[in-house]
2 protein chains.
Amino acid sequence: MTITQLYYVLAVAENKNFTLAAEKCFVTQPTLSMQIQKLEEELGIQIFDRTKKPIGLTDVGSKIVTQAKNIVNEANRIKDIVDQQKGFIGGDFRIGIIPTIMPTLLPMFLNTFIKKYPKINLIVEELNTVDIISKLKNGHLDCAIAATPLDEEKLKEIVLYYEPFVAYIPDNSQNNSKKELEVSDLDVEKILLLQDGHCFRNSVLNLCKTNNFMGEHHFQLESGSFETLIKLSDEGLGTTLLPYLHTLDLNEKNKAKLRQFANPKPSREVSLIFSKNELKIHIIDALKNTIQGVVRGAIAFSDVEIVSPK
Amino acid sequence: MTITQLYYVLAVAENKNFTLAAEKCFVTQPTLSMQIQKLEEELGIQIFDRTKKPIGLTDVGSKIVTQAKNIVNEANRIKDIVDQQKGFIGGDFRIGIIPTIMPTLLPMFLNTFIKKYPKINLIVEELNTVDIISKLKNGHLDCAIAATPLDEEKLKEIVLYYEPFVAYIPDNSQNNSKKELEVSDLDVEKILLLQDGHCFRNSVLNLCKTNNFMGEHHFQLESGSFETLIKLSDEGLGTTLLPYLHTLDLNEKNKAKLRQFANPKPSREVSLIFSKNELKIHIIDALKNTIQGVVRGAIAFSDVEIVSPK
DNA sequence: CTATTTTGATTGTAAAAAACTATTGATTTG
DNA sequence: CAAATCAATAGTTTTTTACAATCAAAATAG
């Protein structure tokens, strides 16, 4: 059994076609067919069910494919080890970002980053926090950006920034007297929130601890965008909170409904997260510096009461 | 990079000698030398420091060796997958047993087992519970026998038997009047216990929950045998509890100091433990049946109040 | 229902890789 | 300093891998 044979198996499993798989592997079809036959012979089992069209996997075959992925992944880490040793900044780099951070943060740093490190092949994926955690652990992601703390044993978090929330109040006239909003002015039971990315720091508003926070509403937003939230709010369903960076590109009409909080502002902690035994530390470090560079300009840190997360 | 090359690297790392490593790999020394050179060239780094005597690893080298072990382990699992498919009962099978179970249980089933399954190459290791858990998770063990429950997410437990404890009372005359001992008769603060294997079932005696149980003594037995415990007890340091199977081969003098408990007897749950994605299920099943077969004769289950573990 | 296309297996051959034997060269040991 | 140890090198042989060309079976089109 060779690693090459496993690559061939994975290619066929993925493309369900020997000819196409061979192309992807940059070899001719007979070469690939022979190698797979050899492997099947060595193991004494059939990996592929060639009677089906398109080609299918046998029962053992699918287990072998799963394991082959593990082996190939582990094998690829050898290159990462060497790259790290050489201080090489390049190669594939997979990053996961939660939906509520993606649209505002990614455009801010992507251009700077890929220009500064042209050898890195950045692969960005939008994922929710649960998927991010599992993919970081099994090596499908090199790092991620999400609301923290996650309190995961095997993951390391580096805080990128604290993003204050701004209240979005559809009927903003009634409290117009006060300039800055106090947290105590909010009726937390009536607030509209997304599931993801609303863990507040410093217990200013302690909402994330109740895992199934519903408030007075009879629905829960499992996922979705802040656009949805704004529209629901406009429909009279209540007040909502928007992360500061999201408020920057609202239209004027909506901006009028925003109300800043007084200090200490409720805010979310946004961090770079990676596995403790991640090898591409140099790239993570480069990414961290790039993001912190661009964010420093956008968020005035003095606005937020910084308290080191536990 | 090939799996063969990684095997060669591991052999050299282990033997610190190219010639010896080559023998272990059943190839000539130049073959092995060449392959390792080729790998080093492909990666563009030195794995071995050949200036040292005996040969040493470079910094990257040791990282690569660690990863190579992972890859080779994962690769070996392919064979396990195929074996499982074929229903093959054989090959290497690594089992860990905690010290307080090993001496009594292993002799009871080992002979029966290896005669019944001559194709299995059983490798038994005495390990404490902590090591067992980590080695099951990283694939260094195929299964283990320990006191349960462990409450480990990724591990599965199959209860083999409940082993009642018997009190060992050095000064057995004073309570001689009563025939069976009640748990309440014991002063739990004065009891001598081993760290391992003393998690009592059914909260009859609730000792394992206090992680650093010291009682009135000024010492803790981190490990050791029940022989030590008996001698300490004889020295007047207190009463102790012995697992039922251990009491069977005490000398007459010591047996006189034993006192059975009344029902419900305090007992320990002994289970077969394995990773949830362990492939050698057939072997584990064979082992379970063998052990339960021999234990059924030794422990009268009616003696123990069986309550299903939570 | 036959012609055509698609797709994987087969065959024969060339190139590449891996293994072996024999030998060298450097270092350590007696 | 001679002998022994041990990895590297050189030169061959064997094995493996890849390729081009072709075949055979199945699916699709006319």
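Letters go in sequence order (proteins before strands), and every chain restarts at 1. As the structure is a prediction and not an experimental result, all values here were calculated from the model.
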K.L.:
Could you tell me the separation between the CG atom of L32(B) and the P atom of dT9(D), rounded to a whole number of Å?
P.N.:
14 Å

K.L.:
Please determine if K69(A) and E74(A) form a salt bridge, counting it only when a charged side-chain N lies under 4.0 Å from a carboxylate O.
P.N.:
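Looking at K69(A) and E74(A), the cut-off is not met.
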
K.L.:
In whole angstroms, how far is the P atom of dT6(C) from the CG atom of N15(A)?
P.N.:
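So the two atoms are 17 Å apart, to the nearest Å.
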
K.L.:
Base, sugar-phosphate, or nothing: which does Y8(A) touch, judged by heavy atoms less than 4.0 Å apart?
P.N.:
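Sugar-phosphate only.
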
K.L.:
So, is T31(A) near the phosphate of dC19(D), with a side-chain N or O under 4.0 Å from OP1 or OP2?
P.N.:
yes

K.L.:
Take P30(A) and T4(A), find for each the nucleotide of DNA chain D with the closest heavy atom, and name the residue whose nucleotide sits nearer the 5' end.
P.N.:
T4(A)

K.L.:
Among dT17(D), dA9(C), dA7(D), which nucleotide sits nearest the side chain of I55(B)?
P.N.:
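Nearest listed nucleotide: dA7(D).
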
K.L.:
Which of the following nucleotides, dC6(D), dA19(C), dA18(C), is nearest to the side chain of T19(B)?
P.N.:
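Selected nucleotide (nearest to the side chain): dC6(D).
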
K.L.:
Between dA17(C) atom C1' and L39(B) atom CG, what is the distance in whole Å?
P.N.:
15 Å

K.L.:
Would you kindly give the CD-to-C1' distance between Q37(B) and dT9(D), to the nearest whole Å?
P.N.:
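Value for this atom pair: 9 Å.
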
K.L.:
Do L32(B) and F18(B) have side-chain heavy atoms sitting under 4.5 Å apart?
P.N.:
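Yes, their side chains come closer than 4.5 Å.
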
K.L.:
Expressed in angstrom and rounded to an integer, what is the separation of F18(A) atom CZ from dA24(D) atom C1'?
P.N.:
16 Å

K.L.:
Could you tell me the separation between the CG atom of D49(B) and the P atom of dA8(D), rounded to a whole number of Å?
P.N.:
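Answer to the nearest Å: 12 Å.
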
K.L.:
Check whether more than 12 heavy atoms from other residues, nucleotides or ligands sit under 6.0 Å from atom CG of D59(A), and answer yes or no.
P.N.:
no

K.L.:
Just so I know, are the side chains of T148(B) and I273(B) near enough to count as touching, which here means a heavy-atom distance under 4.5 Å?
P.N.:
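When only atoms from C-beta onward are counted, I273(B) and T148(B) do touch, with a gap below 4.5 Å.
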
K.L.:
Write down the distance between NZ (K52(B)) and P (dT28(C)), rounded to a whole number of angstrom.
P.N.:
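Spelled out: NZ on K52(B) to P on dT28(C) is 14 Å.
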
K.L.:
Looking only at the side chain of K38(A) (C-beta and beyond, no hydrogens), which of the listed nucleotides dT16(D), dA8(D), dC6(D) gets closest?
P.N.:
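Per side-chain heavy atoms of K38(A), the pick is dT16(D).
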
K.L.:
Taking donor-acceptor contacts at under 3.5 Å, does the side chain of Q29(A) reach the base of dA9(C)?
P.N.:
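Donor-acceptor pair under 3.5 Å: yes.
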
K.L.:
Specify the separation, in whole Å, of atom CE of M34(B) and atom P of dC6(D).
P.N.:
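Atom CE in M34(B) sits about 21 Å away from atom P in dC6(D).
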
K.L.:
Looking at T28(B), I'd like to know whether one of its side-chain N or O atoms comes within less than 4.0 Å of OP1 or OP2 on dC20(C).
P.N.:
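For T28(B), the contact criterion (side-chain N or O under 4.0 Å from OP1 or OP2 of dC20(C)) is met.
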
K.L.:
With a 4.5 Å limit on heavy-atom distance, are the side chains of L155(B) and I133(B) in contact?
P.N.:
yes

K.L.:
Among dT9(D), dA18(C), dT10(C), which nucleotide sits nearest the side chain of Q35(B)?
P.N.:
dA18(C)

